[in-house]
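Below you'll find the structure, written out as structure tokens, and then a few comments.
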Amino acid sequence: MTSEQTSQLKHDLETLLAPHNQSHVLQYWDQLSSADQQKLSDQIHGCNFEQLGQLFEQNESANRWDDLAKKASVPPAITLADFANEDSYEKARQSGAELLEQGKVAMIITAGGQGSRLGFDHPKGMFPIGPVSNVTLFQIFIEKVMARAKQFGSTIPIYIMTSPPTHEETIEFLEAENYFGMKPNDVKVFCQGTMPAVDHDGKLLLSEIGEIFVSPDGHGGALLALEKSGALDDMQVRGVEHVFYGQIDNPLVQVCDPALLGYHAQSGSEMTSQVVRKTDPLQKVGNVISVGGVVQIIEYSDLSEKFARETRVDGKLKLWAGSIAVHIFKTDFFRRMSETADSLPFHRAHKKVAFIDADGQRIEPETNNAIKFEKFIFDLLPSAKNAIISEVDPADGFCAVKNAAPAAAETPAHVKQAISDLHTRWFNEAGVEVADGVIVEISPLFAADAKMLKEKIAADDFLSQPITKDTYFH
Ligand code: UTP
């Protein structure tokens with residue numbers, strides 16, 4: 001660019017930014033190379049300033065949530081009693097098995113988060129979580145999908161959502177690991193979009209002197225990214241009708257469980273959400289509720305204590321269903337929703353964001369200084385026809401790794417113990433003793449559930465010996 005062009009560009013950008021009070025992002029313009037000026041200009045043109053202004057102004061009123069909570073009940077639910085009822089369970093399992101045999105199921109794993117609480121400097125999927133093996137979250141998920149596909153003699157394609165900060169490294173990692181044995185064509189990695197954040201005055205933040213800070217637009221970004229990346233078209237070509245959704249940080253997800261798929265299909269549900277029965281009224285999980293037949297989630301932080309503690313006549317919690325971010329979607333539903341622009345709202349999250357200040361210094365804030373805007377996938381629930389929920393015992397299906405030690409919950413140590421406890425239980429149910437304090441881990445390719453393990457033990461005398469030392473079965 002000539003110096004005249006540069007000045008003209010700066011002038012045009014100033015005219016664009018001034019009405020929105022964002023001219024400060026040009027403060028270091030004259031120090032930038034012409035390539036960086038162009039990049040900054042592209043970033044500015046990519047910002048929707050009207051939307052950012054509205055999101056900054058909008059303040060969720062507590063009254064809105066209280067009004068909903070007042071009228072809320074729990075949506076139609078498949079409970080643990082249904083899973084324990086042999087007749088009901090077998091019918092559902094058969095129906096789910098047919099979908100799997102016919103190749104009508106795919107898996108989505110969202111792995112675009114930045115794992116800031118965990119403090120791990122790579123995509124979270126690369127975190128070693130196997131309690132004995134140290135295998136990564138990615139390996140556990142991919143092996144679970146492969147085991148399920150093998151069980152039903154079909155293919156289950158995997159769609160992994162990354163974000164700009166995790167995309168390249170995820171692809172390099174999966175390639176180096178040969179996709180853990182999946183055919184590369186059956187693993188699609190697609191990247192979600194980003195959103196700028198603002199400070200408490202509504203101003204954009206600079207991550208570098210020539211760059212506006214942006215971050216991934218939340219797991220709800222999956223909806224648009226699936227459509228834009230061609231993943232929805234790919235599913236259509238493959239004849240996929242249902243998509244099983246899990247988040248990379250919960251290695252206990254019962255990936256593509258046939259009975260869960262069956263209950264979902266039998267109900268004609270467009271979106272089925274797995275839930276746990278809350279053990280504490282104030283438990284930090286989203287509360288799945290229904291108001292006038294519309295299923296939705298009230299975040300724990302938005303549910304007043306008075307409503308959280310409400311009980312039924314039998315003394316049990318009224319709003320008992322806590323979401324664990326495991327869902328099944330109909331692909332038709334995804335398609336319909338992705339056609340409606342902005343069909344998911346943005347939520348505000350107060351976070352710490354490092355930035356370049358007006359003196360050109362990089363500031364690492366010690367308290368929350370920024371508002372990030374994120375979409376949540378569960379906000380699709382109100383639009384889904386016949387949405388249902390399905391209960392799971394957390395010991396069987398939910399323990400997510402969120403925090404670094406020494407946090408009180410959701411640390412790697414907690415998750416490793418939960419994996420070992422679950423696999424110990426599978427051995428015990430099959431009549432095999434595991435000595436106290438011994439850690440056991442079963443690769444999904446060895447046995448993907450208690451039933452498969454039992455069959456394996458029945459066929460192999462050696463396996464039925466008591467387990468007296470830490471062992472990885474693979
Ligand atoms: P979380 O927000 O709980 O975890 O996302 P995180 O982003 O990994 O970690 P923090 O909050 O920075 O500590 C839950 C799940 O949603 C995915 C994450 O990868 C994780 O599996 N996610 C989250 C995305 O895929 N994209 C996002 O923009 C946000």
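Not measured: the values here are computed from a predicted model. As the structure lists them, so they are numbered: ligands from 1, and atoms in each ligand from 1.
Closest to atom 28 (O) of ligand 1, if we only count protein heavy atoms, is G218 N, 2.8 Å. The single protein non-hydrogen atom nearest to atom 12 (O) of ligand 1 is S116 OG, 2.5 Å, given as residue, atom name and distance. In this structure, atom 21 (O) of ligand 1 lies nearest to the protein heavy atom T110 O, 3.0 Å. Protein heavy atom in closest approach to atom 5 (O) of ligand 1: K402 NZ, 4.1 Å. The protein atom (non-hydrogen) at minimum distance from atom 11 (O) of ligand 1 is R117 NH2, 3.0 Å. At the shortest separation from atom 20 (C) of ligand 1 among protein heavy atoms lies D249 OD2, 3.7 Å. The closest protein non-hydrogen atom to atom 15 (C) of ligand 1 is Q247 NE2, 3.3 Å. G113 N, 3.3 Å is the protein heavy atom nearest to atom 24 (C) of ligand 1.
Using a 4.0 Å cut-off between charged side-chain N and carboxylate O, E410 and R117 make no salt bridge. Using a 4.0 Å cut-off between charged nitrogen and carboxylate oxygen, R64 and D302 do not count as a salt-bridge pair.
Neither the backbone nor the side chain of E374 has a heavy atom within less than 4.0 Å of ligand 1. When non-hydrogen atoms are compared, ligand 1 lies under 4.0 Å from the backbone of Q114 (N, CA, C, O) but not from its side chain.
The ligand atoms of ligand 1 that sit less than 4.0 angstrom from a heavy atom of P216 are 28 (O).
Contact between G221 and ligand 1 is absent, with no heavy atom of the residue lying under 4.0 Å from the ligand. At a 4.0 Å cut-off, not a single heavy atom of S163 sits close enough to ligand 1 to count as contact. Residue contacts with ligand 1: M161 is included, with a non-hydrogen atom under 4.0 Å away.
There is a side-chain donor-acceptor pair under 3.5 Å between T79 and D82. No side-chain donor-acceptor contact under 3.5 Å links S267 and N386.
A centroid separation of 6.0 Å or more is found between the aromatic rings of F329 and H242.
Nearest heavy-atom pair across L80 and E391 is N-OE1, 3.1 Å. In this structure, I129 and K416 approach most closely via the heavy-atom pair O-CG, 3.2 Å. Heavy atoms only, all atoms of each residue included: F141 and I248 are closest at CE1-O, 3.4 Å. Scanning both residues, L252 and P394, for their nearest heavy atoms gives CD2-O, 3.9 Å.
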